[in-house]
Amino acid sequence: MIFELKKTDDKSSARAGEITTGHGKIKTPIFMPVGTVGSVKGIHISDVKNDIDAEIILGNTYHLYLRPGTDIIEKAGGLHKFNGWDKPILTDSGGYQVYSLSDTRKLTNEGVVFQSHIDGSRHNFTPENVIDIQRKIGADIIMAFDECTPYPCEYNYARNSMDITHSWLDRCITHMKNTEPLYGYEQTLFPIVQGSTYKDLRKKSAEYIASCGADGNAIGGLSVGEPHEMMYEMTELVCGILPKDKPRYLMGVGTPANILEGISHGVDMFDCVMPTRNGRNGMLFTKNGIINIKNEKWKDDFSLIDEEGDSYVDKQYTKAYLRHLFTAKEMLGGMIASQHNLAFYLWLVREARKHIIDGDFAQWKNVMVKKVAQRL
RNA sequence: GGGGAGAUACCGAAGCGGUCAAACGGGGCAGACUGUAAAUCUGUUGGCUUAGCCUUCGGAGGUUCGAAUCCUCCUCUCCCCA
């Protein structure tokens with residue numbers, strides 16, 4: 001994997017760059033749609049590619065391992081062949097499930113035993129087999145196995161968890177070196193900074209991760225309920241320590257405003273379920289603010305979903321019609337909203353990149369952050 | 001024509017003397033959602049000057065300290081038989 005910095009902003013830490021992978025290039029900053037079980041929920045792969053113009057999507061180790069099972073993915077020839085997405089894929093390691101499924105798992109220094117949310121069966125995840133699974137999935141970017149700590153989190157728990165995540169990282173790096181990609185293209189490991197909301201822990205973790213010399217680095221354990229200012233503060237602190245010549249990935253973030261702030265602090269990659277999940281639940285993100293399309297006020301608004309939107313759904317359907325679909329519980333409603341939201345998120349990061357290159361990112365960002373957070 | 005059942009809030013439907021402004025569904029309205037156990041979940045749903053008061057359980061009377069609940073009459077609906 002190669003990362004090339006194209007431009008750095010004068011008035012902020014924002015950067016424009018380009019990542020080259022075995023499945024093509026990614027222009028940064030980038031938003032990566034989440035496709036947990038191998039599908040970006042509700043969206044055809046052709047629309048992810050041609051309408052939304054996504055450059056890379058996510059998959060999830062825990063979920064794909066449980067279903068359809070690593071053997072099926074391997075038989076298919078990897079996730080790219082299985083779902084038909086021929087651009088880069090990044091897989092999360094299951095570290096987020098250590099957090100989100102905390103009621104049904106047991107964490108030790110060795111790894112994590114999960115009880116399947118599907119059938120209750122027990123499954124052992126270690127840094128080593130998580131790498132093996134991701135090798136078989138065939139992700140271009142592989143995430144290290146970590147614990148995403150909850151918020152709030154006691155200092156001692158956060159410190160101990162960070163130490164475990166670091167030790168797991170060492171084992172991931174070793175295991176990456178001892179294994180080979182299965183499908184003929186390079187796979188790159190991203191380590192993950194943890195440390196909850198404690199500055200000293202974040203600093204220590206960022207220094208540790210920086211010292212590993214990986215081709216890209218991630219910031220985890222944020223956007224789990226902490227105040228936005230805290231998230232920005234941690235992001236800024238960590239980005240100041242992580243190497244400048246490697247891409248930085250802020251995991252699980254976020255709202256359009258979160259993403260713009262993240263970019264201004266030097267983040268290059270983002271992913272979040274928000275455009276799809278909130279879309280399925282009737283929330284539309286637009287450059288002028290947030291719409292709850294289920295609200296009564298849209299019932300006879302026959303204007304287009306988003307006059308300035310890039311997706312064909314924006315010009316194909318009206319707000320009143322989309323509201324009707326939600327009211328009638330038609331699945332097309334969630335699909336349209338998801339597609340609109342993803343197209344908007346991709347527009348947002350492309351526009352950010354343009355402004356970084358043009359040199360007026362900071363002032364553009366300050367205006368946009370306010371606009372996109374408004375309630376319409 | 002004969003026999004039977006019933007009328008409760010936006011709709012369906014419990015309640016069968018006080019703890020009933022009335023369970024529970026649905027619908028309506030609003031909110032939440034951040035490396036997806038989510039096409040899910042939560043709140044709210046008579047009015048008002050809201051620790052209280054006012055008006056509501058088909059209509060009109062009545063019994064009772066007290067009625068959605070008991071009695072009388074009326075109106076309407078549904079089912080069965082002819």
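A note on names: the letters A, B, ... follow the listed sequences, proteins ahead of strands, and every chain is numbered from 1. Since the model is a prediction, treat every value here as computed from it, not as a measurement.
A:Asn278 comes within 4.0 angstrom of a nucleotide base, judged by non-hydrogen atoms across all strands. Within 4.0 Å of A:Thr276, counting heavy atoms only, lies at least one base atom of the nucleic acid. Among the protein residues, A:Gln194 comes within range of the nucleic acid bases, having at least one heavy atom under 4.0 Å from a base atom. Counting non-hydrogen atoms under 4.0 angstrom, A:Arg105 reaches nothing in the nucleic acid. Within 4.0 Å (heavy atoms only), A:Asn292 reaches sugar-phosphate atoms of the nucleic acid but no base atom. Within 4.0 Å (heavy atoms only), A:Thr327 reaches sugar-phosphate atoms of the nucleic acid but no base atom. Residue contacts for A:Gly252: at a heavy-atom cut-off of 4.0 Å it reaches a base atom on one of the strands shown.
In the displayed structure, A:Lys87 atom NZ is contacted under 6.0 Å by more than 12 heavy atoms of other residues, nucleotides or ligands. Other residues, nucleotides and ligands contribute only 12 or fewer heavy atoms inside 6.0 Å of the NZ atom of A:Lys136. The environment of A:Lys204 atom NZ is sparse: at most 12 non-hydrogen atoms of other residues, nucleotides or ligands sit within 6.0 angstrom.
Side-chain atoms of A:Arg323 lie closest to B:C29 of the nucleotides B:A37, B:U40, B:C29. Out of B:A37, B:A39, B:U34, the shortest distance to the side chain of A:Met331 is found at B:A39. The side chain of A:Ser223 lies closest to B:U34, out of B:G35, B:A37, B:U34.
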Query raised in the report: Going through the distances and angles, do A:Asp310 and A:Arg350 end up as a salt bridge (Lys or Arg N to Asp or Glu O under 4.0 Å)?
Result: CA-CA 12 Å; A:Asp310 288 345; A:Arg350 276 197 301 269; 3.6 Å; yes
Query raised in the report: So A:Asp306 and A:Lys287, salt bridge (Lys or Arg N to Asp or Glu O under 4.0 Å) or not? Walk me through it.
Result: CA-CA 9 Å; A:Asp306 186 352; A:Lys287 61 193 75 170; 5.6 Å; no
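In summary, of the residues considered (A:Ile290, A:Thr286, A:Asn292, A:Leu284), a side-chain contact (heavy atoms from CB on, under 4.5 Å) with A:Leu376 occurs for A:Thr286 alone. A side-chain hydrogen bond (donor to acceptor under 3.5 Å, both in side chains) with A:Ser161 holds for exactly one of A:Glu154, A:Glu147, A:Gln194, A:His166; it is A:Glu147.
For the atom pair CZ (A:Phe190) and CG (A:Leu169), the distance works out to 13.0 Å, reported to the nearest 0.5 Å.
One interatomic measurement links the two molecules: CE of A:Met283 to P of B:A38, which rounds to 19 Å at whole-angstrom precision. Per the geometry, CG belonging to A:Leu101 stands 10 Å off P belonging to B:U36, to the nearest Å. Atom-to-atom, CD of A:Glu226 to P of B:G35 comes out at 12 Å; the value is rounded to the nearest Å. A straight line from NZ of A:Lys294 to P of B:C41 spans 11 Å, rounded to a whole angstrom. For the pair A:Leu284 CG and B:A32 P, the interatomic distance rounds to 14 Å; values are reported in whole Å. Between A:Asp146 atom CG and B:G35 atom P the separation is 13 Å, expressed in whole Å. In this structure, A:Tyr99 atom OH and B:G35 atom C1' are separated by 11 Å, rounded to whole Å. Rounded to a whole Å, the CD atom of A:Gln97 is 8 Å from the C1' atom of B:G35.
Nucleotides B:A22 and B:A14 place their C1' atoms 10 Å apart, quoted to the nearest Å. For the C1' atoms, the distance linking B:C24 with B:U8 amounts to 14 Å, nearest Å. Annotation: B:U34 and B:A21 have their P atoms spaced 41 Å apart (nearest Å). Separating the C1' atom of B:G66 from that of B:C16 is a span of 16 Å, rounded to the nearest Å. The gap from the P atom of B:C53 to that of B:U72 amounts to 34 Å, rounded to the nearest Å. Rounded to whole Å, the separation between the C1' atoms of B:G31 and B:U19 comes to 33 Å. Straight-line distance between the P atoms of B:A68 and B:G59: roughly 12 Å, to the nearest whole Å.
Mapping A:Tyr96 and A:Arg280 onto RNA chain B via the closest heavy atom, the residue that lands nearer the 5' end is A:Tyr96.
Annotation: proximity of residues 34-60 of chain A to RNA chain B (heavy atom, distance under 4.0 Å) is found for A:Val34, A:Thr36, A:Lys41, A:Leu58, A:Asn60, numbered in ascending order.
Using modelled atom types, one finds no donor on one side chain facing an acceptor on the other under 3.5 Å when comparing A:Tyr312 with A:Asn50. Using modelled atom types and a 3.5 Å distance limit, the side chains of A:Arg135 and A:Gln187 yield a donor-acceptor pair.
If you check distances only, the side chain of A:His117 never reaches the base of B:U36 with a donor-acceptor pair under 3.5 Å.
Distances shorter than 4.0 Å separate none of the side-chain N or O atoms of A:Arg277 from OP1 or OP2 on B:U40. Applying the 4.0 Å criterion to OP1 and OP2 of B:A30, one finds that A:Asn295 has a side-chain N or O inside that range.
B:U75 is paired with B:A7 under the Watson-Crick or G-U wobble criterion, all donor-acceptor distances under 3.5 Å. With both pairing distances under 3.5 Å, B:A13 is matched to nothing as a Watson-Crick or G-U wobble pair.
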